[in-house]
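One structure is given below, encoded as structure tokens.
Residue numbers start from 1 in every chain, and the chains themselves are labelled A, B, ... in the order their sequence lines are given, proteins ahead of strands.
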Amino acid sequence: MYRTHTCGELRLTDAGKTVTLAGWVQRVRDLGPFLFVDLRDRYGITQIVVEWLDYHVKGEGGLGSFVVDPAKRAEKVETLAKLGREFVVQVSGPVRQRDNENPNLPTGEIEVLVTELKVLNAAKTPPFTIEEETDGGDELRMKYRYLDLRRANIRRNFELRHRMAMEVRNYLSAHHFLEVETPVLIKSTPEGARDFVVPSRMNSGEFYALPQSPQTFKQLLMVAGFDRYFQIVKCFRDEDLRQDRQPEFTQIDCEMAFVEQEDILNTFEGMAKHLFKSIHEVEFSEAFPRMSFDEAMKGYGCDKPDLRFGMKFQSLTPDPSPGERGEDLVRGVGFKVFDEAELVVGINAEGCAGWSRKQTDALIEFVKRPQIGATGIVFLKWTEEGLKSTVDKFYTPEHLQKWAERFCMKQGDLLCIMAGKADKTRKQLNELRLHMGDLLGLRDPKVFKPLWVIDFPLLEQDEETGRWHAMHHPFTAPKPEDAQKLFDQQDLGSVRANAYDLVINGTEIGGGSIRIHDRTMQEAMFRVLGFTDDDARYKFGFLMDAFEYGAPPHGGAAFGFDRWVSLFGHRTDIREFIAFPKNNSGRDVMIDAPSRIDQIQLDELGITVKG
RNA sequence: GGUGCUGUAGUUCAGUGGUAGAAUGCCCGACUGUCUAUCGGGAUGUCGCGAGUUCGAUCCUCGCCAGCACCGCCA
């Protein structure tokens, strides 16, 4: 037995016991006659102390005037004082109350007086400090990930991940969901993301693909009558990476039969609330707000609005979409930028009227960056002197007063107004809104604002090729009232779907839809997406065949587990919550993957590598 | 595929057209209660790689490589 206790459990009530601990040397503090070692394991830190009592000679002054024989000390220090950071050691000795307690440590009231110490394994000096605030950069930490994972704050991320996975399983299992594993070596499908591909040795020239999600399998489980399925499962997409995207990531994948959208939203809203409650003790007594895709785009310029703060869009021109009306408050006074714009839209930054020219110029610079590509911003501020805009030479105070009313503006507020093509301008204003939210500290990671975005369009059109793509995926059903348009291939842009996203704090946490469960409907969908019937049969024949054997109405959802955990951990970088993540270019810098393979392997697979 | 930023001691960074510094880590020493111990001393550099400009380049220019962030992409 290597240990009787962990480094996190000893308390004052244990004083007097003789214990054995094992762990890593966090830090050594050598005070001469005393040597303190912080011994660390997963459970905490316990101070162990080495005293050279046997060499002490009591002086005349009583306690506090010991004298140490330097020669004898040197002898003993030989082994003990050579302990370096991250040595693995085993120590035994009595637990005793400390002279000076450390209130910052759960074990701070006690220490273990070393009577025996064994070095189980020496360690090289680590390339960065194993502290909560490490001095190591990202790349180095990834290369030595096993050292990085020793840091308490990183370890806590995985404790959080574990607890969330347990709670998800508890909730779904209690709601009769069955956890079923689906294959990882599957068939490459078009549409959507690029597949990772695996060559087959036994079927030369043919390839498996790794699943982008278990989508078709979970639908087949519904056909099989499993009724409620879930899986916490790895998915793979060969696309460029971001802070919140890894080539392999984990989804909470779910599907239900005999349900309508409302049943699904309720079930998974329940799961979300269960997680909020069990992990963060946050209680949502009200239903999550719901917003249609159109509302989100018009009010926030994106399909995943961050509702931690306001600054909802208001337009100063009538909405350009068909059937919409509204008073035009800007056109016809000779200001070309607004006259020629399809849409003039802005946000009200409350309390920002005092911003300096330098600050507002910085906002203009921000939106002019190539990534955003806007031409500028018109400002209107309401200070003690009244309304003042950057376009005063075009607009009368009466004009400006009407703008202010439209935005419910108060003294002290600042309007930021942009103009141009409707969709593009909204997108740009969304970036500005989020930027303002950051600048004003309105995006507190400890505040959670969930919402459902619903009524997504079924299809979206590629600007360049004119081709239609499934917005969610090709198995999403149109709303029944729009279904005929799919068969007629008429007015496809207006077809809505019972598709929904769960958005928390401006992050898409998950989404899903009611699926097609009818062969003719699925065929119509594939035709709209530009598949020939042969193509559809080759790629998805198995699914359409299954639909002919009594497929129940069904639908489901999938949630990005890594994102959800990082959100609950108040961070944006999901790599902090993945034990062995990959870098920006999809490399694992620790094991150095991907890598070349032997010619023998290539030959077996019948593969020739170019170059 | 594109844009931007970064690359200097083990690490995190500062810096200069005349081959370099801080902090921390590391090593040595002192110290009777530390807990980011303290104090004293010490060692450490292909200034990412290659080419060009220059009398001379870590610094300027170009290319490449790597990392990060973003756009495209991510049903």
Check nucleotides 41-45 of chain B against the protein and report each pair of N or O atoms closer than 3.5 Å, with its distance, or say if there are none.
none

Could you tell me which nucleotide pairs with [N] by Watson-Crick or G-U wobble geometry, both distances under 3.5 Å, or answer none if nothing does?
N       : value
rC26(B) : rG42(B)
rU19(B) : none
rC73(B) : none
rC5(B)  : rG67(B)
rA57(B) : none
rC62(B) : rG50(B)
rG33(B) : none

Is it true that [X] and [Y] have a side-chain N and a carboxylate O under 4.0 angstrom from each other?
X       : Y       : result
K218(A) : D253(A) : yes
K485(A) : D482(A) : yes
E109(A) : R11(A)  : no
E576(A) : R156(A) : no
E523(A) : R519(A) : yes

Point to revise | Comparing F128(A) and S213(A) on RNA chain B - which has the more 5′ nearest nucleotide | key: F128(A)

Practice item. With RNA chain B as reference, determine whether D573(A) or G137(A) sits nearer its 5' end, using the nearest nucleotide of each. Key: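 With D573(A) and G137(A) compared, the 5'-side residue is G137(A).
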
To the nearest angstrom, how far is [X] atom [atom1] from [N] atom [atom2]?
X       : N       : atom1 : atom2 : result
L35(A)  : rA30(B) : CG    : C1'   : 15 Å
R194(A) : rG72(B) : CZ    : P     : 14 Å
L241(A) : rG72(B) : CG    : P     : 15 Å
R141(A) : rC68(B) : CZ    : C1'   : 13 Å
I45(A)  : rC35(B) : CD1   : C1'   : 10 Å
D30(A)  : rC26(B) : CG    : P     : 13 Å
N102(A) : rU34(B) : CG    : C1'   : 10 Å
I130(A) : rG25(B) : CD1   : P     : 14 Å

Counting the atoms with a prime plus P, OP1 and OP2 as sugar-phosphate, which does [X] contact under 4.0 Å by heavy atoms, base, sugar-phosphate, or nothing?
X       : value
R575(A) : sugar-phosphate
L140(A) : sugar-phosphate
E111(A) : base
Q246(A) : nothing
D238(A) : nothing
K124(A) : nothing

What integer number of Å spans the [atom1] atoms of [N] and [M]?
N       : M       : atom1 : answer
rG52(B) : rG17(B) : C1'   : 15 Å
rC70(B) : rU11(B) : P     : 26 Å
rA20(B) : rU8(B)  : C1'   : 8 Å
rU34(B) : rG29(B) : P     : 23 Å
rU6(B)  : rU12(B) : C1'   : 13 Å
rG72(B) : rC60(B) : P     : 32 Å

Look for any protein N or O under 3.5 Å of an N or O in nucleotides 3-9 of chain B and output each such pair with its distance, or none.
from, atom 1, to, atom 2, distance (Å)
rU3(B), O2, Q371(A), NE2, 3.1

Considering only heavy atoms and no angle criterion, is a donor-acceptor pair shorter than 3.5 Å present between the side chain of [X] and the base of [N]?
X       : N       : result
D138(A) : rG67(B) : no
R98(A)  : rU34(B) : yes
Q47(A)  : rU34(B) : yes
R245(A) : rG72(B) : no
R85(A)  : rG10(B) : no

Exercise for review: Would you sort out whether Q219(A) and E255(A) count as a side-chain contact (heavy atoms from CB on, under 4.5 Å), showing the intermediate values?
Suggested key: CA-CA 7 Å; Q219(A) 290 189 244; E255(A) 197 78 3; 4.1 Å; yes

Practice item. Examine K187(A) relative to Y538(A) and say whether NZ or CZ is less than 6.0 Å from the centre of the six-membered ring and inside a 45° cone about the ring axis. Key: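 Yes, a cation-pi geometry.
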
The side chain of [X] lies closest to which of these nucleotides: [options]?
X       : options                   : result
T125(A) : rC26(B), rA66(B), rG33(B) : rC26(B)
Q243(A) : rA69(B), rC71(B), rU34(B) : rA69(B)
D135(A) : rC31(B), rG1(B), rG10(B)  : rG10(B)
F34(A)  : rG33(B), rC74(B), rC70(B) : rG33(B)
E239(A) : rC35(B), rC74(B), rC68(B) : rC74(B)
R369(A) : rC31(B), rC35(B), rC70(B) : rC70(B)
S585(A) : rC68(B), rG25(B), rG67(B) : rG67(B)

Point to revise | Separation of S292(A) OG from I454(A) CD1 (nearest 0.5 Å) | key: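 OG of S292(A) is found 7.0 Å from CD1 of I454(A).
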
Check your understanding: What is the distance from atom OG1 of T520(A) to atom CZ of F547(A), rounded to the nearest 0.5 Å?
Key ->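 T520(A) OG1 to F547(A) CZ: 11.0 Å, rounded to 0.5 Å.
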
**Study point:** CD (E133(A)) with more than 12 external heavy atoms under 6.0 Å
**Key:**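 No, CD of E133(A) has 12 or fewer neighbouring heavy atoms, counting only those of other groups under 6.0 Å.
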
Review point. Ring-on-base stacking between F36(A) and rU34(B), under 5.5 Å between centres and under 30° between planes: is it there?
Key: yes

Check your understanding: With no hydrogens and no angle check, is any side-chain donor or acceptor of R29(A) less than 3.5 Å from a backbone partner on V37(A)?
Key -> no

Point to revise | Of D38(A), V112(A), L113(A), the residue whose pairing with I48(A) passes side-chain contact (heavy atoms from CB on, under 4.5 Å) | key: V112(A)

Exercise for review: May I have the step-by-step check of ring-ring contact (aromatic ring centres under 6.0 Å, His included) for Y229(A) and F217(A), ending in yes or no?
Suggested key: CA-CA 10 Å; Y229(A) 141 93; F217(A) 290 98; 10.0 Å; no

Practice item. Go through the side-chain N and O atoms of Q212(A) and D195(A) and say whether any donor and acceptor fall under 3.5 Å apart. Key: yes

Check your understanding: Given rC71(B), is OP1 or OP2 found less than 4.0 Å from the side-chain N or O atoms of K424(A)?
Key ->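 For rC71(B), neither OP1 nor OP2 has a side-chain N or O of K424(A) closer than 4.0 Å.
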
